[in-house]
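These figures come from a predicted structure and were not determined experimentally. Throughout, protein chains are lettered first and strands after them, A, B, ... in sequence-line order, and every chain is numbered starting at 1.
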Amino acid sequence: MWKWLHPYANPEVSYHFTGKLIPWFAIISAILLTVGLGMGLLYSPADYQQGNSVRIFYLHVPAAMLSMGLYLGMAIAGLTALVWQMKLAESSIAALAPVGATFTAIALLTGAAWGKPMWGAWWVWDARLTSELILLFLYFGVMALQNAFEDKALAGKAASILALVGVINLPIIHYSVEWWNTLHQGATVSKFEKPSMSIDMLRPFLLSLFGFAFLAGTLVCMRFRAEIIERNSMRPWVKALAKEHN
Amino acid sequence: MQLSYRRAFSTILKRDLVIAFRHRDDILNPILFFIIVVSLFPLGVGPAANTLMKIAPGVIWVAALLSTLLSLERLFKHDYNDGSLEQLLLMPCPTFVLVLAKITAHWLITGLPLIIIAPFLGVLLNLHQDSYVALMLSLLLGTPVLSLLGAIGVALTVGLKKGGVLLSLLVLPLYIPVLIFATGAIDAASMNLPYNGHLAIIAALFFGSLTLAPFAVGSALKVSTN
Amino acid sequence: MAFDSINEFFNMGGYGFYVWLSYGFTALLLVLLTINSKGKDKRIFKQINKRIKREEKLKQVAKRNASVKQNAQSDQKVV
């Protein structure tokens, strides 16, 4: 496997490789999102309890799942960067953090817009929303630390360590928040329970989940390429590319 | 010369304590901050005894978090500025000995005074009379966790000029579990419920961070000193 | 089709405001992020080009200075 992976550890090769991926990812995500969200908005049945507000589900849950998945990806990249000293993994942390933070923000905002008609308040200290808020803080921490260093190589290493510390803490924070929530609120949580999904809901949900995932992939690739050229700006191949963009 | 781990640990601990006692302001200011923050709350929410009793555990613990945060910078900053941190990292013994010694010293000069002063603040906030033991125990187990986790944040930001605000952004989210279980223990004690479980979880957090945090701090220091 | 008319579709059974608010937020945030991500490599290329230009200018100035110095030295020799 290492032999196969090795060429992609070269910044120039992976720059061109991700460049080729971007249009495909973008097209796939556009198709999946149009079909998935279209089905979700037009054809999926309204919930017998929540009515049509359940259509926010097709945004909220994929965004929440991706926000956690992207953080996990960042931590794996951090481990790779620290253990195998791979510079590209550091660039990918810098690329993943803003995308993950955006999906976290989407999960929070759609959660609030869903909570208002369901709970009667924009914000309720529900366990899932609270964990999502803390996840947003963790993302901001990684991004702020990354920006605070002048030297990009140091920034990458520091962010790798922080991402790893965060990922060890994330489950602890999540379960403590859940426990805290059941202690203080008891009954009100049950309204937001996962609706038992019928196939009519599952299909648009999965389509939009993969659509958002491919969109995240597109955005991460774009930022990853920018990070690569920023870190390798003294290399002749980057200078040649820059001349083309003049 | 081969230094035994215990020798190295006690030497650094003694050195840090001596330095701290020469700069007494550094020890006193976070404690004063702790007292002032706690005494602001009755002024903000009103002196009703029942309200104060309800918010007391949370207020004391949040104030403890903030004053720990305030004192964290001096953990590595002076040593970084005068270059002795790099010399310490070059010592012929593992980094975690150095890191643990420094964190222990930090806890002794900032965590311990908090524990001693907390019951008096409990009186100010009309803390429930059954909660005092739980308050002390939760602080005793919890403040070392604050020092250990905080050290990671300081180690990451020590090389930066404007590390202060960034430090709070990095460290405060990590403090949430300690806050939740500590205040949970105090609340449970006020209702005459058993709180061993809460303390056991804080103890688990303590031992978890005791084993893992020194490694994170060590590698972060290596990044910061470059 | 879950809706009989366009109006009903926009109304969402009374939940229209919340549903469209969340779809609007999502679209807005993702569009902003896409624009930002798409423009990022161009911004960096621009910086690199600026740096290259500055370096070239510095090199030219250095060369000119060197040649001026040489001329001055050769003038001295003549004298």
- Which of residues 207-219 of chain A get closer than 4.5 angstrom to chain C, counting heavy atoms alone? Phe212(A), Leu215(A), Leu219(A)
Going by heavy atoms in the side chains, are [X] and [Y] under 4.5 Å from each other?
X	Y	result
Tyr23(C)	Leu41(A)	yes
Tyr15(C)	Lys116(A)	no
Ser53(A)	Tyr18(C)	no
Glu227(A)	Lys40(C)	yes

For a quick test of reading the model, state the closest non-hydrogen atom pair linking [X] to [Y] and the distance between them.
X	Y	result
Ala105(A)	Leu29(C)	CB-CD1, 4.1 Å
Ala242(A)	Phe45(C)	CA-CD2, 3.5 Å
Leu33(C)	Pro98(A)	CD1-O, 4.4 Å

State the [atom1]-[atom2] distance between [X] and [Y], to the nearest 0.5 angstrom.
X	Y	atom1	atom2	value
Asp41(C)	Tyr15(A)	CG	OH	5.5 Å
Ile56(A)	Ser22(C)	CD1	OG	3.5 Å
Ile48(C)	Lys243(A)	CD1	NZ	12.0 Å

Evaluate whether atom [atom1] of [X] has more than 12 neighbouring non-hydrogen atoms of other residues, nucleotides or ligands under 6.0 angstrom away.
X	atom1	value
Met65(A)	CE	no
Glu55(C)	CD	yes
Lys239(A)	NZ	yes
Trp123(A)	CH2	yes
Arg43(C)	CZ	yes

Counting only non-hydrogen atoms closer than 4.5 Å, does [X] touch chain C with its backbone (N, CA, C, O), its side chain (CB onward), both, or neither?
X	value
Met234(A)	both
Leu109(A)	side chain
Phe224(A)	neither
Val99(A)	both

- Query: Would you find a donor on one side and an acceptor on the other, under 3.5 Å apart, between the side chain of Arg51(C) and the backbone of Ser233(A)?
  - Reply: yes
- Task: Verify side-chain contact (heavy atoms from CB on, under 4.5 Å) between Leu30(C) and Phe103(A), making sure each step is shown before the conclusion.
- Result: CA-CA 8 Å; Leu30(C) 287 177; Phe103(A) 277 100; 4.0 Å; yes
- Query: If you tally heavy-atom pairs under 4.5 Å against chain C, which of Thr110(A), Ile22(A), Ile229(A) wins?
  - Reply: Ile229(A)
